[in-house]
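Here's the structure we're looking at; comments come further down.
A, B, ... follow the sequence lines: proteins, then strands. Residue 1 opens every chain.
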Amino acid sequence: GESVGLHLPTLSVQEGDNSIINCAYSNSASDYFIWYKQESGKGPQFIIDIRSNMDKRQGQRVTVLLNKTVKHLSLQIAATQPGDSAVYFCAENYADKLIFGTGTRLQVFP
Amino acid sequence: DVKVTQSSRYLVKRTGEKVFLECVQDMDHENMFWYRQDPGLGLRLIYFSYDVKMKEKGDIPEGYSVSREKKERFSLILESASTSQTSMYLCATTQGRNTEAFFGQGTRLTVV
């Protein structure tokens, strides 16, 4: 999961396994959440979003789960592929600003 | 496709120089943002703008200013660059509230 500080948490998974990346967000009044993927040398790219009136949303190979009670967000990636290797950020929309977590590095090994 | 273009991929500047980072978007989005990204700290908001000639401070505005004279362009200005401002700078846009942000490719600034 994500944490504050200089060390970037890393999740290592085998190709074909499922990945779960976790995020604790800050503000209980946040009403919109996004997961981004950032590959080396590129800007963050949108993966999936969820509004606070939902607790689950599915995309292609990805699922986002929202637990407002404990202010927790997770991203599940099914059948992880080498191309999924990247840094993943969660973001919460609070007071019309997007606030980002510190990121989790996903490493996929054969 | 939304395109957010940052004028430079890499910049090297000297301490004390005035530095301009430019961001242009082509989708008529209302909102534009400048973030800096540092290892282990994620993306931190410097300034944002919801309209032309409008600006709001983000979480770390010190040492920076911005300009939005036209809707499509949002400039970040380092008045007197310092080595602590060596970082990756990312511009982003959104169409409205609770919509995804589209990012530029980033500008890696090194201040020596």
Set of side-chain hydrogen bond (donor to acceptor under 3.5 Å, both in side chains) partners for A:Asp17, sequence neighbours left out: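 Partners of A:Asp17 under the side-chain hydrogen bond (donor to acceptor under 3.5 Å, both in side chains) test: none.
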Within 6.0 Å of NZ in B:Lys70, more than 12 heavy atoms from elsewhere: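 No, because the 6.0 Å sphere around NZ of B:Lys70 holds 12 heavy atoms or fewer from other groups.
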B:Arg108, CZ atom: more than 12 neighbouring heavy atoms under 6.0 Å: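 Counting neighbours around CZ of B:Arg108, 12 or fewer heavy atoms of other residues, nucleotides or ligands fall under 6.0 Å, so no.
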Verify same cluster id: [X], [Y] (apolar side-chain graph, 4.5 Å):
X        : Y       : answer
B:Val24  : B:Tyr89 : no
A:Tyr94  : B:Trp34 : no
B:Leu109 : B:Leu76 : yes
B:Phe33  : B:Ile60 : no
B:Ile46  : B:Met88 : no

Atom group of [X] that falls short of 4.5 Å from chain A, counting heavy atoms:
X       : result
B:Arg9  : side chain
B:Asp59 : side chain
B:Leu45 : side chain

Toward chain B, the part of A:Ile34 with a non-hydrogen atom under 4.5 Å: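 Side chain of A:Ile34 only, per the 4.5 Å heavy-atom cut-off to chain B.
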Structural part of A:Tyr36 lying under 4.5 Å from a heavy atom of chain B: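 For A:Tyr36, the side chain is the part near chain B, not the backbone.
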B:Leu43 CG to A:Ile99 CD1 distance, which is reported to the nearest 0.5 Å: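 The CD1 atom of A:Ile99 is 12.0 Å from CG of B:Leu43, to the nearest 0.5 Å.
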Interatomic spacing from CZ in A:Phe100 to OH in B:Tyr35 - rounded to 0.5 Å: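 That separation rounds to 4.5 Å.
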If you look at every heavy atom in [X] and [Y], which pair is closest and at what distance?
X        : Y       : answer
A:Lys97  : B:Phe48 : CD-CE2, 3.4 Å
A:Phe89  : B:Gln37 : CZ-NE2, 3.2 Å
B:Ala101 : A:Leu98 : CB-CD1, 3.6 Å

Members of residues 38-69 of chain A whose heavy atoms come closer than 4.5 Å to chain B: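 A:Gln38, A:Gly41, A:Lys42, A:Gly43, A:Pro44, A:Phe46, A:Arg51 fall under the 4.5 Å cut-off.
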